[in-house]
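The block underneath contains the structure these notes are about, expressed in structure tokens.
Computed from a prediction, not measured in an experiment: that's the story for all the values here. Atom set for the values below is all heavy atoms of this structure, side chains included, hydrogens, waters and symmetry mates excluded.
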Amino acid sequence: MRIGHGYDAHRFEDGKKMIIGGVCFDCDYGLMAHSDGDVLAHAICDALLGAAGLGDIGKLFPDTDNAYKNIYSMLLLERACAAVRDAGFEIEYIDSTIVAQQPKMAPYIASMRETVAKYAKIDPSLFNVKATTEEKMGFTGRKEGISAHAVCLLRSI
């Protein structure tokens, strides 16, 4: 068994689509990034890649490569999961937390679970996502951006 942890954060950017957990939110701002800025997908990728000893998302998908410019991060997650399986591991469980003062996550959680599970090629019961605020403290509390944490458990196959 192997355990991995991932973290990502992005600042808000007006006029961009907000995509978290592969789900497009109904708001007029998004997250600044080379890709689509999906902090949840990026944190999950880092957790999985770290647990498998494959480095991190920047190693596999460098932000200096235009092939990943504005890419839908679920495609990165799909490729990261394939790399984890190719390295001889299976996903046992993924747990995650989104930290955001805004927008509200609750209406999107079920869709995020389904979307992440689909691209990770796991049963939705093997993925959990929660959301919290920081009670108006820190950069997320000041509504400057969003962060996400993910942990995973892998088993050798």
Side-chain angles (χ1 to χ4, degrees), residues 1-11 13 16-27 29-100 103-132 140 145-157:
M1 296 291 237
R2 297 234 188 141
I3 297 169
H5 174 263
Y7 170 80
D8 194 39
H10 290 285
R11 70 176 56 249
E13 182 177 354
K16 246 190 132 179
K17 287 184 183 176
M18 174 71 70
I19 299 174
I20 303 174
V23 177
C24 191
F25 281 53
D26 184 24
C27 58
Y29 55 91
L31 296 168
M32 185 184 299
H34 183 72
S35 67
D36 64 5
D38 188 333
V39 293
L40 180 59
H42 300 171
I44 294 168
C45 285
D46 270 352
L48 293 167
L49 294 169
L54 299 173
D56 62 21
I57 192 170
K59 180 179 177 186
L60 208 60
F61 313 112
D63 64 5
T64 55
D65 188 336
N66 280 332
Y68 307 116
K69 181 79 173 148
N70 297 317
I71 193 168
Y72 181 52
S73 291
M74 287 297 106
L75 299 176
L76 303 180
L77 176 64
E78 186 173 57
R79 293 174 195 171
C81 289
V84 165
R85 289 184 178 101
D86 288 347
F89 298 98
E90 191 60 47
I91 300 166
E92 194 70 28
Y93 196 77
I94 302 168
D95 186 39
S96 61
T97 304
I98 302 164
V99 183
K104 293 296 180 195
M105 299 291 144
Y108 301 95
I109 295 282
S111 295
M112 286 186 227
R113 287 189 71 209
E114 290 295 323
T115 304
V116 168
K118 174 185 167 185
Y119 282 89
K121 295 180 175 46
I122 60 174
D123 188 275
S125 68
L126 300 179
F127 172 60
N128 186 53
V129 61
K130 308 168 298 294
T132 189
T140 61
I146 295 177
S147 66
H149 293 266
V151 293
C152 72
L153 183 62
L154 302 181
R155 66 177 164 80
S156 297
I157 52 174

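- Considering every non-hydrogen atom in both P62 and Y68, the closest pair reads O-CD1, 3.5 Å.
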Take T132 and M105, measure what side chain to side chain contact (heavy atoms under 4.5 Å, CB included) needs, and give me the verdict at the end.
CA-CA 9 Å; T132 189; M105 299 291 144; over 6 Å; no
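- In terms of modelled atom types and a separation under 3.5 Å, the side chain of R2 and the main chain of A51 share a donor-acceptor contact.
- Note that the OH atom of Y108 and the OG1 atom of T115 stand 12.5 Å from one another [nearest 0.5 Å].
- Dense packing is recorded around CZ of R79, with more than 12 heavy atoms of other residues, nucleotides or ligands lying under 6.0 Å away.
- Below 30°, between 30° and 60°, or above 60°: for H149 and H5 the angle between ring planes is between 30° and 60°, a tilted geometry.
- Ionic pairing of K130 and D95 is present here: one or more N-O contacts between side-chain nitrogen and carboxylate oxygen are shorter than 4.0 angstrom.
- Looking at heavy atoms from C-beta onward, F25 lies out of side-chain contact with P107 at the 4.5 angstrom threshold.
- Scanning both residues, H10 and M32, for their nearest heavy atoms gives ND1-O, 2.9 Å.
- Using cut-offs of 30° and 60° on the angle between ring planes, the pair Y72 and Y119 is perpendicular.
- Listed here is the closest heavy atom pair of A117 and D123: CB-C, 4.2 Å.
- Annotation: K16, atom NZ; neighbour count of heavy atoms from other residues, nucleotides and ligands within 6.0 Å is above 12.
- Shown here is D26, whose CG atom has no more than 12 heavy atoms of other residues, nucleotides or ligands within 6.0 Å.
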Between D38 and M74, does the side chain to side chain contact (heavy atoms under 4.5 Å, CB included) criterion hold? Intermediate values first, please.
CA-CA 8 Å; D38 188 333; M74 287 297 106; 3.7 Å; yes
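- Atom CD1 in I44 sits 5.5 Å away from atom CD1 in I94 (nearest 0.5 Å).
- Side-chain contact check for L60 versus L76: every heavy-atom pair is 4.5 Å or farther apart.
- Within the 4.5 Å cutoff, no side-chain heavy atoms of L49 are placed close to those of D56.
- For the residue pair I157 and R85, the shortest heavy atom distance occurs at CD1-O, 4.2 Å.
- Smallest separation of non-hydrogen atoms from R113 and S125: NH2-CA, 3.8 Å.
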Kindly indicate, with the supporting measurements, whether the criterion side chain to side chain contact (heavy atoms under 4.5 Å, CB included) is fulfilled by C81 and L48.
CA-CA 7 Å; C81 289; L48 293 167; 3.7 Å; yes
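- When all heavy atoms of L31 and V39 are compared, the closest pair comes out as CD1-CG1, 4.0 Å.
- The structure places CD1 of I20 at 3.5 Å from CD1 of I146, a figure rounded to the nearest 0.5 Å.
- Looking at heavy atoms from C-beta onward, M18 lies in side-chain contact with P103 at the 4.5 angstrom threshold.
- The side-chain heavy atoms of I91 and C152, taken from C-beta on, include no pair separated by under 4.5 Å.
- S96 places a side-chain N or O within 3.5 Å of a backbone atom of N128 that can act as its donor or acceptor partner.
- Residues H34 and N66 have side chains in contact (heavy-atom distance under 4.5 Å, counting atoms from C-beta outward).
- H42 places a side-chain heavy atom less than 4.5 Å from the side chain of S35.
- Counting heavy atoms from C-beta outward, D46 and D8 have side chains that stay 4.5 Å or more apart.
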